Amino acid sequence: MKNRAVYMQGTNNMVFKDVAVPELSPKDVLIKIDTVGICGSDVHYYQHGKIGDFVVNGDFILGHECAGEVVQVGSEVENLVVGDRVCLEPGKTCGKCEFCKEGKYNLCPDVEFFATPPYHGVLQNYVKHPEDMCFKLPDNVSNMEGALVEPLAVGLHATSIGDVKLGDTVVIFGTGCIGLVTLLSCKARGASNIIVVDVLENRLKMAEKLGATSVINAKETDVIKEIESLTGGKGANVVIDTAGAEITVKQTVDVVKRGGIIVLVGMTPNDEVSFNFMKLMGKEGEVRTIFRYRNLYPVAINAIASGSINVKQIVSHEYDFEHTKEAFDFVVNNASEVVKAVIKID
Ligand SMILES: [Zn+2]
Ligand SMILES: [Zn+2]
């Protein structure tokens, strides 16, 4: 067994290195990685070397959205066998803190998350991971779909925290990967009207293809007026911001219905954003936030397997392992064109 990894070395640069095949602890499995999705966070580290307080020090392996095949199991592994195909939930949590015990393990302060410094990611041939964070893929779910479970889990968590229900009207700001998986999740939960807002025409077309009932190009149309007219002046039950722009965060309160829910998903460039809380109070509206996701890998896999969610439609670009740097550079330089790029590892 030979393991190779691609490291980011400084910003906008990558090198391949031979690395050791990881040694398994009793409850670990060894996975031969097959597909890795490139996430916005990976691209951000590649370009800037940090996200907030998380700073890349030295050469660093990116990638946290992945699926592959189990090739070895630790001595105490009970539920997986060699040959199983699995997708990997990237966060290893302590299991002992109050958050882990409550089942809100995404809030565990001691999480070790793939490709969040100092923990390396999965852009390599072999990775070890605890058995309980590896989820078996049914025969009708491909490795590519398995790699997309991670971003889909974010969309499922956003719509779950936003309590999107049958018959709801939802506004989604942003048509990046997370905006689109949020759209798919809203549809699967039975929302009747899904209004999607962005400034990129090609992405809005994609949103329409994936089931948006109305799309608004904020460059050409007055967003607030248009949503007013689309909702009979009432606004949306749930408004989900995935764009992370100052203007979209501000507009959430203008388009939410009285008593409605706003969910903030996108990260704004500046930590502080001005927001009209008086208007929110006048509507008795709620602002909620999400951090990653929890307990949703089985849900996402079932939804893909049953056909409720067709997530593979969001893949726009595929690269092989040797061209990982080209893939990242393409995503950096063609952000509006790429919805989701994936790397096939040999
Ligand atoms: Zn991701
Ligand atoms: Zn914990």
Side-chain angles (χ1 to χ4, degrees), residues 8 27 33 35-48 50-52 54 56 60-68 87-117 119-123 127 129-130 132-133 135 143-159 174-185 242-244 265-267 290-297 299-301 304 309 311-312 314-317 319 324 327-328 331-332 335 338-343:
M8 63 173 273
K27 292 187 190 323
I33 300 291
T35 309
V36 180
I38 299 180
C39 181
S41 64
D42 295 317
V43 176
H44 199 94
Y45 284 123
Y46 178 64
Q47 280 185 283
H48 306 288
K50 60 173 187 158
I51 296 179
F54 293 101
V56 174
F60 188 61
I61 308 173
L62 295 167
H64 62 265
E65 306 174 354
C66 70
C87 60
L88 279 56
E89 183 165 348
K92 280 191 275 183
T93 50
C94 81
K96 295 181 171 66
C97 69
E98 61 179 301
F99 307 103
C100 283
K101 284 183 172 170
E102 278 175 5
K104 295 187 174 179
Y105 62 83
N106 58 320
L107 306 181
C108 176
D110 295 321
V111 65
E112 300 177 12
F113 200 92
F114 281 135
T116 296
Y119 306 103
H120 287 294
V122 299
L123 277 165
V127 165
H129 208 50
D132 66 306
M133 294 308 254
F135 295 84
N143 289 330
M144 162 112 72
E145 290 169 309
L148 297 171
V149 164
E150 202 274 345
L152 177 56
V154 177
L156 290 169
H157 193 41
T159 52
T175 57
C177 172
I178 296 301
L180 296 175
V181 292
T182 299
L183 163 61
L184 292 172
S185 304
T242 70
V265 180
M267 292 183 230
I290 66 161
F291 182 69
R292 294 174 179 154
Y293 42 76
R294 55 177 170 259
N295 302 310
L296 285 167
Y297 265 55
V299 176
I301 292 167
I304 296 168
I309 292 182
V311 73
K312 62 177 181 291
I314 67 167
V315 173
S316 56
H317 295 78
Y319 288 85
T324 300
F328 273 77
V331 176
V332 167
V338 181
V339 179
K340 174 59 81 182
V342 299
I343 312 270

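Note that ligands are numbered from 1 as they come in the structure, with each ligand's atoms numbered from 1 the same way. We number each residue from 1, following the sequence as shown. From a predicted model like this one, the values you see are computed outputs, not experimental measurements.
- In this structure, Tyr297 and Phe135 have tilted ring planes: the angle between them lies in the 30° to 60° band.
- Salt bridge Glu65/Lys340: present, at least one basic N to carboxylate O contact under 4.0 Å.
- Taking backbone and side-chain atoms together, Cys39 has an N/O/S atom less than 2.8 Å away from the Zn ion (ligand 1).
- For Glu65, the N, O or S atom closest to the Zn ion (ligand 1) goes by the atom name OE2.
- When every heavy atom of Phe99 is checked against every heavy atom of Pro109, the shortest pair comes out as CD1-CD, 3.9 Å.
- For His64, the N/O/S atom at the shortest distance from the Zn ion (ligand 1) is named NE2.
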- When you look at Phe291 and His157, which way does the ring-ring contact (aromatic ring centres under 6.0 Å, His included) test go after all the steps? CA-CA 9 Å; Phe291 182 69; His157 193 41; 9.5 Å; no
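- Glu150 contributes atom OE1 as its closest N/O/S atom to the Zn ion (ligand 1).
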- Stepwise side-chain hydrogen bond (donor to acceptor under 3.5 Å, both in side chains) test for Tyr293 and Glu150: CA-CA 9 Å; Tyr293 42 76; Glu150 202 274 345; 2.8 Å; yes
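- Rounded to 10°, the angle that SG of Cys94 and SG of Cys108 form at the Zn ion (ligand 2) is 110°.
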